[in-house]
Number of protein chains: 2
Amino acid sequence: MIDLDVVDRKILDLLQEDGRMTNAELADKINLSPSACLRRVRRLEDEGVIAGYVMLLDQRAIGRPDDIFIEITLVSQSQECQEAFERAVRECRDIMECYLMAGEADYLLRVAAAGTADYERIHKSHLSRLPGVSRIRSNFALRTVCKTTAFTCRI
Amino acid sequence: MIDLDVVDRKILDLLQEDGRMTNAELADKINLSPSACLRRVRRLEDEGVIAGYVMLLDQRAIGRPDDIFIEITLVSQSQECQEAFERAVRECRDIMECYLMAGEADYLLRVAAAGTADYERIHKSHLSRLPGVSRIRSNFALRTVCKTTAFTCRI
DNA sequence: CCTGAAAGGGACTGCGA
DNA sequence: TCGCAGTCCCTTTCAGG
């Protein structure tokens, strides 16, 4: 576990909000010279604190506004069964997230779809064909209340 | 709904993978001049296709490796009840996502915690104090099988 | 750990096609 | 739309404290 000082936290907060902020602007906001600022950012990247930088698409604008959460139960929790299922999940580009769960269902998935008709297609051609599935339960999200990729770096 | 040509899709694919790629490198990869490339990126930003650029933190490295999915049922689905609940949710920095759901539970939340003890703290001091809650059901994720912020721009 | 200087490269704009 | 060319700013490294 890496320890982060106040300046590191400020850097992380700012870059979580704007991943393309220039080093010069970042340095200015934390009152540090650009070279010192860059060295800290590189250190955070090298240490693995910073996982990466990404562009986010607007789900609506690209025509996939709907989120569906899917609980999946497997016929068996054997290692082979899980591995086969997970391999297939990772290859399906409609599945945005997948978690192995404690509790009732074995897996929780999030799929992004273009309405119910598109979800039916995804269900038919992908989800129902995932190996070792015994039960699928789909839950539609009506609206996203909030969503963030940013963690609060408590100072 | 905006129509995106093949070049736009390539731009979106590349920037979703690396949000800090320089315009010069991006232009090179799509075989376009930097000025033409930059113009397209700006158009995609202005049109709202690109929602933004963010840095991603490694949940493990910052000491919050655990994801908990929480189904919440309200005492009433009246508009006031929903609004009060959602306002409180948006102010809680431990809640990473919240969706209004169709189906059994009213809301689905994701919380990032530092182990079960930390989740107990979050549950006690935040979740159980959210207004109008009748039932809370917590589901721990044992492992993240896959997770992406990137949509496939089918070419 | 920091600052500052210097070189090299990128971002952005205006113009002609 | 594109590409080109010019200007300005940023990135990055290195020397020195």
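In what follows, every heavy atom counts, from backbone to side chain, and hydrogens, waters and symmetry copies are set aside.
- Five base pairs at each end of the helix from dC1(C)-dG17(D) to dA17(C)-dT1(D) define two local axes, and these are offset by 30° (rounded to 10°).
- Residue pairs satisfying the ring pair (Phe, Tyr, Trp, His ring centres under 6.0 Å) criterion with at least one member in residues 47-73 of chain A, sequence neighbours excluded, are listed as follows: Phe69(A)-Tyr99(B).
- A straight line from CG of Asp28(A) to P of dG4(C) spans 13 Å, rounded to a whole angstrom.
- Atom pair Asp8(A):CG and dC1(C):C1' shows a separation of 12 Å (rounding to whole Å applied).
- Residue Ala36(B) is in sugar-phosphate contact alone, with no base atom involved, counting any heavy-atom pair closer than 4.0 Å across all strands shown.
- Connectivity analysis of hydrophobic side chains (ILVMFWY, heavy atoms under 4.5 Å, direct or indirect) links Leu38(B) to nothing; its cluster partners are none.
- Of the residues in residues 43-58 of chain B, none has a non-hydrogen atom less than 4.0 angstrom from any atom of DNA chain C.
- What separates CZ of Arg40(A) from C1' of dC1(C) is a distance of 8 Å, to the nearest Å.
- Under a 4.5 Å side-chain heavy-atom criterion applied to ILVMFWY residues, the cluster that includes Val54(A) comprises Leu56(A), Val54(B), Leu56(B) as well.
- Within the structure, salt bridge (Lys or Arg N to Asp or Glu O under 4.0 Å) pairs that include any residue of residues 47-62 of chain B comprise Arg43(B)-Glu47(B) (at least two apart or interchain).
- Atom CG of Asp5(A) and atom P of dC1(C) are 9 Å apart (whole Å).
- Pairs passing the ring pair (Phe, Tyr, Trp, His ring centres under 6.0 Å) check and including a residue from residues 14-46 of chain A, sequence neighbours excluded, do not occur.
- Residue pairs meeting the salt bridge (Lys or Arg N to Asp or Glu O under 4.0 Å) criterion with at least one partner in residues 17-26 of chain A, sequence neighbours excluded, are Glu25(A)-Lys29(A).
- Through direct or relayed side-chain contacts under 4.5 Å between Ile, Leu, Val, Met, Phe, Trp and Tyr, Val75(B) connects to no other residue.
- The residues Glu86(A) and Arg143(B) are annotated as salt-bridged, a charged nitrogen and a carboxylate oxygen being separated by less than 4.0 angstrom.
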Between the protein and nucleotides 11-17 of chain D, list the N/O to N/O atom pairs that are separated by less than 3.5 angstrom.
residue : atom : partner  : partner atom : Å
dT11(D) : OP1  : Asn23(A) : N            : 2.7
dT11(D) : OP2  : Asn23(A) : N            : 3.3
dT11(D) : OP2  : Ala24(A) : N            : 2.7
dT12(D) : OP1  : Arg42(A) : NH2          : 3.4
dT12(D) : OP2  : Arg42(A) : NH2          : 2.7

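- Annotation: side chain of Leu26(B) is not in contact with side chain of Leu32(B) (no heavy-atom distance under 4.5 Å).
- dC10(D) atom P lies 16 Å from atom CG of Leu32(A), rounded to whole Å.
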Output a table of donor-acceptor pairs, distance under 3.5 Å, between side-chain atoms of residues 122-132 of chain B and any protein atom two or more places apart or on a different chain; print 'none' if there are none.
residue   : atom : partner   : partner atom : Å
Lys124(B) : NZ   : Glu120(B) : OE2          : 3.3
Ser125(B) : OG   : Arg121(B) : O            : 2.7
Ser128(B) : OG   : His123(B) : O            : 3.1
Ser128(B) : OG   : Lys124(B) : O            : 2.9

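- With sequence neighbours excluded, the residues that form a ring-ring contact (aromatic ring centres under 6.0 Å, His included) with Phe85(B) are Tyr107(B).
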